[in-house]
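Here the structure is laid out as structure tokens; the discussion comes afterwards.
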Amino acid sequence: MTKILVTGAVGQIGTELVQALRTRYERDDVVAAGHRTKPTQDFINSGPFVYLNVLDRKQLAEAVADNKIDTIYHMASVLSAVGELNPQLCYEVNTGGLYNILEIARKHKLERVMLASSIAVFGVGVPRDRAPNDAVLLPTTMYGVTKVSGELLARYYFSKFGVDVRSVRLPGIISSETLPGGGTTDYAVEMYYAAVEGRSYTCFVREETALPMMYMADAIKALIELAQVEGSRLTRRVYNVNSMSFSAGELARSIRRVVPDFTCEYKPDYRQAIADSWPISLDDSPARQDWNWRPDYDLDKMTAEMIERLRTRLT
Ligand code: SER
């Protein structure tokens with residue numbers, strides 16, 4: 001029997017991942033763990049919820065023991081833009097939190113740990129188109145540094161202690177249920193909200209800035225499929241997953257095909273430098289070969305669904 005703990009469960013990925021896992025498993029076998037952001041009453045009512053700071057080892061140990069957890073999806077993280085404003089917090093939460101999760105997994109002999117790594121692991125000297133899975137990783141942000149150290153720790157805990165840690169390098173995730181908190185790719189989500197609410201949007205990266213992006217449904221699919229695949233098929237612990245790449249201007253044009261009045265201006269701030277340090281697309285052939293990774297959404301399919309969902313929710 002699988003009993004799952006999702007950290008960062010009130011965050012952008014966590015909220016939808018919890019719901020997706022609860023449709024695949026028994027509702028009560030998926031425990032949502034949140035800390036900073038207060039969950040809605042609906043979310044609390046939708047299944048087991050615990051307040052848990054991943055930096056608190058005792059709380060974490062209790063949550064795992066009390067709920068007989070065997071699998072953790074560790075989604076709690078400080079994102080890149082907040083991380084550049086507060087590198088110390090980013091280091092503490094991302095590196096300290098991940099270390100605690102891996103230690104719990106080792107001590108309690110958990111079956112599986114799923115991690116969200118990021119396109120932010122890439123940096124200096126990597127081809128910006130189709131960045132390889134096994135590139136040299138020299139990120140320029142603290143967020144990237146914490147994600148690289150997370151990947152290295154994952155490999156170490158697997159080879160040294162046999163902890164089955166698996167990870168995907170997620171790009172910017174676009175979703176309609178919960179806003180992302182403090183990432184560089186947040187402009188893509190914000191643009192949809194502005195369009196649906198009839199507002200003009202001021203984008204914090206240049207119009208021609210292109211980054212890898214993915215619709216939430218595909219991100220969840222990547223995490224759950226990688227968690228479920230037979231271990232013998234995996235050639236590595238960390239996988240690039242690619243879906244779509246577009247510039248901020250291309251996104252605005254895609255939105256305008258559905259909301260013709262939408263307007264956008266571009267005023268780059270400190271986040272431009274972060275975006276410029278990341279690749280435009282990833283080579284995800286190892287994920288495609290090893291566990292059959294395939295995304296379902298392209299830009300216009302995502303735009304249609306995002307706008308429909310946001311219209312239902314916000315207007
Ligand atoms: N969406 C993340 C960020 O912008 C990338 O992992 O920080």
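No hydrogens, no waters, no symmetry mates; every other heavy atom, side chains included, goes into these values. In listed order, ligands and their atoms are each counted from 1.
Closest to atom 1 (N) of ligand 1, if we only count protein heavy atoms, is Thr185 OG1, 2.8 Å.
Every atom of ligand 1 is numbered from 1 in the order shown, and the set under 4.0 Å from a heavy atom of Ser118 is 5 (C), 6 (O). Of all atoms in ligand 1, listed by their number and element, those nearer than 4.0 Å to a heavy atom of Leu79 are 7 (O). Taking every non-hydrogen atom of Ser80 and a distance limit under 4.0 Å, the qualifying atoms of ligand 1 come out as 3 (C), 4 (O), 7 (O).
A salt bridge is defined here as a Lys NZ or Arg NE, NH1 or NH2 lying under 4.0 Å from an Asp or Glu carboxylate O, and Glu151 with Arg155 fails to meet this definition. With respect to Arg206 and Asp276, a salt bridge is recorded, a charged nitrogen being found less than 4.0 Å from a carboxylate O.
Counted within 6.0 Å of CD on Glu197, heavy atoms from surrounding residues, nucleotides or ligands total more than 12; the atom is thus considered enclosed. Counting non-hydrogen atoms of neighbouring residues, nucleotides and ligands closer than 6.0 angstrom, the CZ atom of Arg294 exceeds 12 such neighbours.
The proximity of Trp278 to ligand 1, defined as any non-hydrogen pair under 4.0 Å, is limited to the side chain.
In the candidate list Thr184, Asp186, Leu211, Thr184 is nearest to atom 4 (O) of ligand 1, counting heavy atoms.
Checked against Ile101 for a side chain to side chain contact (heavy atoms under 4.5 Å, CB included), the options Leu60, Leu5, Leu153 give a single hit: Leu60.
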